[in-house]
Every structure is written in C-alpha cells, then in structure tokens.
Amino acid sequence: MPIITRFAPSPTGYLHIGSVRTALFCWLFAKHHGGQFLLRVEDTDRARSTPESVQTILEGMEWLGLDWDNKDYDGQGYYSQFAQRARHAEVARQMVANGTAYPCYASPEELDAMRAEQKEKGLPQRYDGRWRDRSASDAPAGISPVIRLKAPQTGETVVTDAVMGTITVQNSQLDDMVLLRADGTPTYMLAVVVDDHDMGITHVVRGDDHLTNTFRQIQIYKAMGWEIPVFAHLPMILGPDGAKLSKRHGAPAVSDYRDRGYLPEAVQNYLLRLCWAHGDDEIISTEQAIAWFDLDGIGKSPARFDFAKLGSVNAHYIKQAEDRRLTDLTAPILERLLGQALTQAQKDLLTRAMPDLKPRAQTLVEIAEMAVFYFHTGSIPVDEKAQKLLTPEAKQHLSALAELLKEKTDFTAPSIENVFRAYAEAKGLKLGSIAQPFRAALTGSTVSPPIFGVAALLGKQEVLRRVCGWVCN
RNA sequence: GUCCCCUUCGUCUAGAGGCCUAGGACAUUACCCUUUCACGGUAGUAACACGGGUUCGAAUCCCGUAGGGGACGCCA
C-alpha cells in the first residue's frame, strides 16, 4: 500500500517554522517511500481563518520546495477542511445512530461553572457526562445540542507511535469530548479523523503537541470501525531559552527567514537536523535527505533553535550558490539599502563581485551590506577606523600610487597588486601600510573583500576618482 | 491540580550492553595562512541530570527523584 502523508496547518496567521519542520518530515517520508504528500488547510475556525494566511502557507511551502500532490484538488490547490463540514456532520450523526455519540444540552455557561468548581476542588477538569445517559425527552426546548463522543469509561486506550513508542492511558482520564458544535460545525477532533480517513492518510506525522489528542482520536476511529493510521509525533522546536519558539524569539515565521537572507536549502538542511540525524552527516542535500530519511531516525527529545548554527549552514550554501542567483536574491535588499534601483550594469558588477563577497557572509543581507560601497557615486562615507588610516603620510603614498595606476593599461587585480608590491619594496614599506589606506579610500572601511580585486572591479576611472577625493586637495 | 512525553559538551546530535580514554558539527579559545575581514588548516576547553538496581560489564536495560515540555475548549 502506498504511503500517504499530509500537512494540515490552520490558516490563522503566519506559517510557524516548527510547522514547516513537520511539513518537511512528512514530505521527506512520503518521497522516500514513493508515496504521496497532501496539503489540507484546517480552516474550520471561520473567525480566525483568512485567505491571506492560506496564501502565506502556500508561499512558504513553495519557497522551501515542498510540493504537495493535491495541487489540482478542487480548483484551489489544496484540500479544505471547511468544505467537508457536511461530511463531518454526517459522521457525527452516524455515531449518534450507532450509539457511540450523544447530544448534550449543557450550556457553555453551565460548563464553565462546572470547570471552575472542579478547579477549586483540585479535581481534574473534565466534562462529567451529565447528558450521557439522559433520554431525548429530557431535552430542553429551543436549545440545539452539541454532539459528544460516548467514550469508554473503563479500560485503556493505547497509541502505538512510530517515534514515541507505545503509550497507554486509562480511559477514566478521558472525557466525552464535543464532536459537533451547537451550530452544526465540526470540532477539530472530529474533522481531523474524518479527513484523515477520507483522504486515505496512512501515516499521521505531526507535532507532539497532538500526542494526547491521539487517544481521543483513536476512540473515534474505533467508534466508526475505521482503520487506524500509523502515528508519528515529532518533538517540538523550542526557542534558544527552552521555551516554546514564539514571536518573542524574533523569527517564528518561515517568511522571517526569507526576509533575513537565508537560502531555502539552508533552512531545509538546518530544520532536517533538528530531531533527526543520519550518523555524523551535517550538510545533506535534498536528494540525500530523501534517500536517507525515515521515521526511525527521529529522536524523542525537543530541540532548541540555534541561530548561530543556521548561520553557518547558510554560509555553506551561499558559498555553493551560483553568483547569478545570489545577485538576483541580493539585489532587492541592496536596492532598499541604497534607496534606488540598480541598473543592469550595476547588477553585473554585483555578480562579478560575488565570488569575493559570498565567502564572507552568512546571509544575503550581509552580502548586501558588504556590497553597498561598490555603488556609491558621490563621496564615500568613511568610518572612524578608516579615517585614522588616512594620515598625511598615507595620502602622499596614495597620491604617488595614483600616478602609477594612471599609467596602467591592464587594470587587473594582479597588475594593481604588482604596482603596490613594487612600490612597497622600493620604499621599504610593508604592503599593509599602503594597502589599508587604499582600502579606506576606496571603501570607506577597514574591512572589505581583497582590495586589489575591488579596485579592478571598480575600474581605473572610479578608483582614481575615489583616491582623488582624498589626495587632490 | 490531573494525565502524557522527554533528559549525552553552551547548542544540534552519534551511540541498539563490551568497539567509549564517549565521536562529529555549530559556538568558543590558541596558533598557522594573510593587504583587512572572512575562507581554509592545526590544536584545545567542554557532556552521559541525580539516586538505586539488573549484569562479569551500563550512556545504552529496570525503578525512583529532580528538571523541562505538552495536553486537559462548542481553538486547531
């Protein structure tokens, strides 16, 4: 039987990076086994679900290259849970008919009072089954009931989880949960089970915040006589401080990583290594991941998010990436920094600078910041350290060097370097003592890519213009 | 409060009873390379939460304790 997994986010905000890790694992698992990976949007909460959030989910998935196999579904490209509400209600009715569910007429206020009382007495907060055995004739007039599961009250329910192992809970711990709301819409518990069954999901791979829900879901499967899928609950991703990863930690959404200049393949690789390992392998291509990934490699303990490590993985993929592609991704960031659009010639310059830029950066944003100086057309802003290098003596040398450079016909990095080396040797100077002021004059900073390469890229005219700005007056 | 799960360097992890003097990666420290900063290279610091068992032998199996996380909604 082919394996079918699904990713089932709810469109109520941004797409959480932890959810994306779940999606990655579902996707890899399906790919590894030649199965299918489906997307289902859990949009039954009408008050909180928005079309924008759905769009955010789709974009996030596409950015990471996690393609789903039901893109043609229903003309909208994914399975909508809300669209199945009639089916959910039908299942609830079937359960009432077969005696595994019943109507409950208790009002929300009444239940709040019940929970408050339980809490006060230190009792577990659970529905007490007050309508479980009452006959329909007791029903108050004019109130539409909710439908509750008639859960077994004795014995135990067992979850066999592919990650967590065998977990048992006493049925006395579980109460009669709501399946269908008073307005006839399904609750999450009912909807997931019905949809997972109807979609033929063979492996439910999801975050372990759903682990304790699984007991109750199994009871629904049993009530309907449906085959129970394999469950695999993934440990959560925590923030650097060990608390649930949230806005407080700065970057909870996938889009945050795109905006901060991380490459999708780097994010994917980093996420893959959270709670999963293949020996000592760290840098793992998508192809290798598909070949290697399986449920038995998943660990049980939660992982903390480490931006430093993400940075180093990203640096690796930046070094590997095509210069042209990096230019396309960096240009918009650079344009924002410069406050103007780049011309094609400037983009070409950026591409030619890229080999010197990319080994120095962990993110595309860093590349852009590092590259700004190439594009200054007026005076060059100079930082304090660079200013200090431009002593009267240094300026004299730069002036002399400018004269020598003026004569060069081949303005390449090696030939410029030769000029500097020969000059330094003739004057008994260390190369650094003239190269650093040169760097300061050209870039306005003490830190930059190799300066002779920078000079070659800038071109003779621009180099002389920038040097002249310091020595010609 | 009740129930469930988890626990190896600061972080991600390798580890399937002897291969462990506990390995790798990131971070960190020192040195080398060097026109700056990086890259790269070399070396170093650093962990089996604690307490009991089982066993000739335990990071690995069992039981407690502590700590962390999750679930207890007419949210998903």
Side-chain angles (χ1 to χ4, degrees), chain A residues 8-12 42-45 47-49 81 104 106-108 111-112 115 118-119 121-127 145-148 159 161 164-165 167-170 172-175 177-183 185-189 191-192 207-216 233 235-236 238 240 242-244 270 273-283 299-313 315 319 356-362 370 385-386 389 417 420-421 424 430-436 438-440 443 445-452:
Chain A
S10 54
T12 53
E42 306 218 320
D43 48 1
T44 51
D45 185 340
R48 296 199 300 148
S49 296
Q81 188 160 69
C104 165
S107 68
L111 295 174
D112 283 346
R115 286 191 201 96
Q118 287 169 339
K119 191 170 187 178
K121 290 182 180 172
L123 295 169
Q125 290 174 48
R126 287 197 278 268
Y127 174 70
V146 300
I147 302 298
R148 285 182 182 272
V159 172
D161 190 276
M164 297 298 178
I167 304 152
T168 304
V169 76
Q170 297 303 311
S172 56
Q173 297 296 327
L174 275 15
D175 64 1
M177 66 183 156
V178 173
L179 264 17
L180 209 61
R181 302 187 184 103
D183 65 2
T185 60
T187 61
Y188 164 76
M189 289 289 183
V192 248
D208 83 356
D209 46 338
H210 291 283
L211 185 59
T212 51
N213 289 333
T214 309
F215 299 112
R216 329 170 81 116
H233 287 95
M236 314 223 77
L238 275 17
K244 201 168 179 174
Y270 177 71
R273 288 288 290 99
L274 255 27
C275 305
W276 182 85
H278 181 268
D280 285 337
D281 295 302
E282 296 286 348
I283 296 298
K300 293 180 170 190
S301 45
R304 297 185 187 204
F305 202 96
D306 182 3
F307 285 94
K309 180 130 181 187
L310 205 215
S312 89
V313 174
K319 284 186 205 97
D356 279 341
L357 254 16
K358 64 183 182 181
R360 300 180 155 68
Q362 288 208 326
M370 211 183 312
K385 283 185 190 167
L389 285 172
E417 180 167 350
F420 273 72
R421 285 197 186 277
K430 287 216 271 187
L431 186 56
S433 68
I434 50 176
Q436 275 301 86
F438 190 46
R439 186 188 313 279
T443 72
S445 168
T446 55
V447 177
S448 84
I451 198 60
F452 305 121

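First the proteins, then the strands, lettered A, B, ... as listed; each starts at 1. If you're wondering where the values come from, they're calculated on a predicted model, not measured in any experiment.
- Relative to the side chain of A:Asp306, the nucleotides B:A27, B:C3, B:U11 differ in distance, and B:U11 lies closest.
- For the pair A:Ile451 CD1 and B:C37 P, the interatomic distance rounds to 13 Å; values are reported in whole Å.
- Candidate nucleotides B:C6, B:A14, B:A71 were compared by shortest atom distance to the side chain of A:Asp280, and B:A14 ranks first.
- Base contact: A:Pro108 has a heavy atom under 4.0 Å from a base atom.
- Base contact: A:Thr212 has a heavy atom under 4.0 Å from a base atom.
- Using a 90° window around 0 for the glycosidic torsion, B:C9 falls outside it and is classed as anti.
- What separates CG of A:Asp281 from P of B:C26 is a distance of 14 Å, to the nearest Å.
- For B:C37, the base has a donor-acceptor partner in the side chain of A:Arg360 [N/O atoms by modelled type, under 3.5 angstrom].
- Rounded to a whole Å, the NE2 atom of A:His278 is 17 Å from the P atom of B:A25.
- As a whole-Å value, the separation of A:Met236 CE from B:U7 P is 16 Å.
- Contact between A:Cys275 and A:Pro235 at its shortest, heavy atoms only, is SG-CB, 3.9 Å.
- Taking each heavy atom of A:Arg126 and A:Gln118 in turn, the nearest pair found is O-NE2, 2.7 Å.
- Comparing the C1' positions of B:C75 and B:C9 gives an interatomic distance of 40 Å, to the nearest angstrom.
- What separates CZ of A:Phe215 from C1' of B:C5 is a distance of 9 Å, to the nearest Å.
- When the nucleotides B:U35, B:A71, B:U11 are ranked by their closest atom to the side chain of A:Glu417, B:U35 comes out on top.
- Only the P atoms considered, B:G10 is 28 Å distant from B:A71, to the nearest whole Å.
- The residue A:Pro450 sits close to a base: some heavy atom pair falls under 4.0 Å.
- The phosphate of B:G1 (OP1 or OP2) has no side-chain N or O of A:Lys119 nearer than 4.0 angstrom.
- Taking only side-chain atoms of A:Leu111, from C-beta outward, the nucleotide of B:C12, B:C74, B:C4 with the closest atom is B:C74.
- Counting any heavy atom pair closer than 4.0 Å across all strands shown, A:Ser448 reaches a base atom.
- Of the C1' atoms belonging to B:C63 and B:G41, the separation is 50 Å, rounded to the nearest Å.
- Within 4.0 Å of A:Pro9, counting heavy atoms only, lies no atom of the nucleic acid at all.
- Within the 4.0 angstrom heavy-atom criterion, base atoms lie near A:Val146.
- Pairing each heavy atom of A:Cys104 with each of A:Tyr127, the nearest pair is SG-OH, 3.1 Å.
- Contact annotation: A:Thr44 reaches the phosphate of B:A76 (side-chain N/O to OP1 or OP2, under 4.0 Å).
- Judged by atom type and distance alone, A:Lys309 reaches the base of B:A25 through a side-chain donor-acceptor pair under 3.5 Å.
- Taking the C1' atoms as reference points, B:U7 lies 11 Å from B:C50, given to the whole Å.
- Nucleotides B:G73 and B:U54 place their C1' atoms 46 Å apart, quoted to the nearest Å.
- When distances run from any side-chain atom of A:Met164 to the nucleotides B:U13, B:C6, B:A27, the shortest one goes to B:C6.
- Using a 4.0 Å heavy-atom distance criterion, A:Ala182 is classed as a base contact.
- A:Thr187 comes within 4.0 angstrom of sugar-phosphate atoms only, judged by non-hydrogen atoms across all strands, and of no base.
- One interatomic measurement links the two molecules: NZ of A:Lys121 to P of B:U2, which rounds to 17 Å at whole-angstrom precision.
- Checking A:Ala361 against A:Arg216, the closest nucleotide of RNA chain B that is more toward the 5' end is the one next to A:Ala361.
- In terms of position on RNA chain B, the residue among A:Leu180 and A:Trp276 whose nearest nucleotide sits closer to the 5' end is A:Trp276.
- A close approach under 4.0 Å does occur between a side-chain nitrogen or oxygen of A:Arg115 and OP1 or OP2 of B:C74.
- Across all their heavy atoms, A:Asp306 and A:Tyr270 have their closest contact at N-OH, 2.7 Å.
- Each of B:C74, B:A71, B:U35 was ranked by its minimum atom distance to the side chain of A:Leu431; first place goes to B:U35.
- To the nearest whole angstrom, the two C1' atoms, one in B:G15 and one in B:C32, are 34 Å apart.
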Next item on the list: Could you walk me through whether A:Tyr188 and A:His210 pass the side chain to side chain contact (heavy atoms under 4.5 Å, CB included) test, one step at a time?
Entry: CA-CA 11 Å; A:Tyr188 164 76; A:His210 291 283; 2.9 Å; yes
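- The distance between atom CD of A:Gln118 and atom P of B:G1, rounded to the nearest whole Å, is 16 Å.
- Relative orientation of the A:Trp276 and A:His278 rings is parallel, given thresholds of 30° and 60° on the angle between their planes.
- Comparing B:A25 with B:U45, their P atoms are spaced 15 Å from each other, to the whole Å.
- Counting non-hydrogen atoms under 4.0 angstrom, A:Arg439 reaches a base of the nucleic acid.
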Next item on the list: Quick one: do A:Lys309 and A:Glu282 satisfy side chain to side chain contact (heavy atoms under 4.5 Å, CB included)? Show the steps, please.
Entry: CA-CA 11 Å; A:Lys309 180 130 181 187; A:Glu282 296 286 348; 3.1 Å; yes
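- Across every strand in view, B:C33 sits unpaired, with no contact that passes the Watson-Crick or G-U test at under 3.5 angstrom.
- Using a 4.0 Å heavy-atom cutoff across all strands shown, A:His210 reaches at least one base atom of the nucleic acid.
- If you check every strand for non-hydrogen atoms under 4.0 Å, A:Asp175 touches nothing.
- Side-chain atoms of A:Asp45 lie closest to B:A76 of the nucleotides B:A76, B:U36, B:G73.
- When all heavy atoms of A:Arg439 and A:Thr446 are compared, the closest pair comes out as CD-O, 3.3 Å.
- Between B:C6, B:A71, B:C4, one nucleotide has an atom nearer to the side chain of A:Asp209 than all others, and that is B:A71.
- Among the atoms of the strands shown, base atoms are found under 4.0 Å from some heavy atom of A:Phe452.
- A straight line from CD of A:Glu42 to P of B:A76 spans 9 Å, rounded to a whole angstrom.
- Ion pairing between a basic and an acidic side chain is recognised when a charged N comes within 4.0 Å of a carboxylate O; A:Arg216 and A:Asp175 show such pairing.
- Candidate nucleotides B:G73, B:G70, B:U8 were compared by shortest atom distance to the side chain of A:Ser301, and B:U8 ranks first.
- For A:Arg273 against B:U13, no side-chain N or O and base N or O form a donor-acceptor pair under 3.5 Å.
- Residue contacts shown for A:Arg421 are limited to sugar-phosphate atoms, with no base heavy atom under 4.0 Å away.
- Nucleotides B:A16 and B:G23, compared at atom P, are 14 Å apart to the nearest Å.
- Nearest to the side chain of A:Lys244, among B:C74, B:C26, B:A71, sits B:A71.
- Across all strands shown, A:Ala106 has heavy atoms under 4.0 Å from base atoms, whether or not it also approaches the sugar-phosphate.
- Among all heavy-atom pairs drawn from A:Phe215 and A:Leu174, the shortest one is CB-CD2, 3.8 Å.
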